[in-house]
Amino acid sequence: MTFPQWSQRGARQADRVNSVIWKKPRSTGTTSPLSVPPKKPQPWVQVVGHAGSFHAGDDGMLLKRHTEGEQQCLQRLMEDSLRSFVPAYHGVVRRSDQDYNMMDDLLAHFSCPAIMDCKMGTRTYLEEDLAKARERPQPRRDMYEKMVDVDPEAPTAEERALQAVLKTRYMQWRETLSSTTTMGFRIEGIKKADGVCNTNFKRTKSRDQVIEALQDFVGSDGLVLSGYLRRLKELRLVLESSDFFRTHEVVGSSLLFVHDGTGRTGVWMIDFGRTVPLPPPLTLDHRTSWVEGNREDGYLWGLDNLIDVLTDMLPLT
Ligand code: I3P
């Protein structure tokens, strides 16, 4: 995804909010086939995620189209020190012949929240995707068209002749177009409290452009900004000692930021569809530059930069 995403805010405040938001899992790893069609997805959830991937569940739950890989990550995360930084996972449910991973809807306890999805890391495709693309290249016309829409000059002569690009090539191009390569994170989408959504951040690349977008998101409320900063620093500390994080390549995962008019804030890690376990004894520090084979994803380097940028903004609010 994406960005289903969701999010929230700060040290003591975050703890208080978490105690409200993070409910005890009721059932984990269970499948309960039901014939009731899922409710329509929340508008926000549709903004960045794959269309049709999300549905509102009952009682503050969110249903996300099931993938085995994401299920395994969420199950492992429930046992990890990162648990309070991811949506609580409640197992698999079946609706209209489709399996879904059921998790807490992180927006459930916010009132008219503002939401931002930041995709973390310097690389947005897996090393195994590169290998697959070499073995069996599958150029995509839809990605060529998306590329030309943004920059007609971007395709090579060969791509132009094919009218198609490889997905890895498209993803790399998106990384360099945005702040992914230079800062290790990029803004994917923002929904303001008034309901207006903006996903037009493909070219938001420079530090100044990123700050402008973040400033617009947090508004003039210094409490919101300091709440986010506290939560991100807590997250960094936990990531640096998490067994899960050390032993997984985390690609295409986002941080979901959420705040509302009460000053409540929160940040959670979301989207683990492209998070894969490393072959033991390989581990990552998530800061070392990527060279093919080392599996590094730049997640923590991106978080360092994000914290740095938000810290710079602090006196401005
Ligand atoms: C999409 C974005 C998604 C990716 C999707 C891309 O590009 O990179 O993260 O899904 O691939 O099309 P854009 O944001 O420019 O629209 P995954 O993360 O699941 O790979 P897809 O078209 O193969 O779903």
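We count residues from 1, following the sequence as given. Both counts, for ligands and for their atoms, begin at 1 and track the order of listing.
To the nearest 0.5 Å, atom OG1 of residue T204 and atom CE of residue M183 are 11.5 Å apart. Between the OG1 atom in T168 and the CE atom in M143 there is a gap of 9.5 Å [rounded to 0.5 Å]. In this structure, CE on M120 lies 8.5 Å from CG on N305, to the nearest 0.5 angstrom. Taken from OG1 in T199 to CD in E188, the straight-line distance is 9.0 Å, to the nearest 0.5 Å.
W173 and Y170 have tilted rings, their planes meeting at an angle from 30° to 60° on a 0 to 90° scale.
In the vicinity of K167, heavy-atom distances shorter than 4.0 Å reach the ligand 1 atoms 11 (O), 17 (P), 20 (O), 21 (P), 23 (O). For ligand 1 and R140, the ligand atoms under 4.0 Å from any heavy atom of the residue are 21 (P), 22 (O), 23 (O). Near M143, the atoms of ligand 1 lying under 4.0 angstrom from a non-hydrogen atom of the residue are 6 (C), 11 (O), 12 (O), 22 (O). Of all atoms in ligand 1, numbered sequentially from 1 with element shown, those under 4.0 Å from a heavy atom of K202 are 15 (O).
In terms of N/O distances under 3.5 Å, ligand 1 is not approached by D142.
Within the 4.5 Å cutoff, the side chain of M269 has heavy atoms near those of the L255 side chain.
For the residues R274, K146, R174, the heavy atom positioned nearest atom 1 (C) of ligand 1 is part of K146.
When non-hydrogen atoms are compared, ligand 1 lies under 4.0 Å from neither the backbone nor the side chain of Y125.
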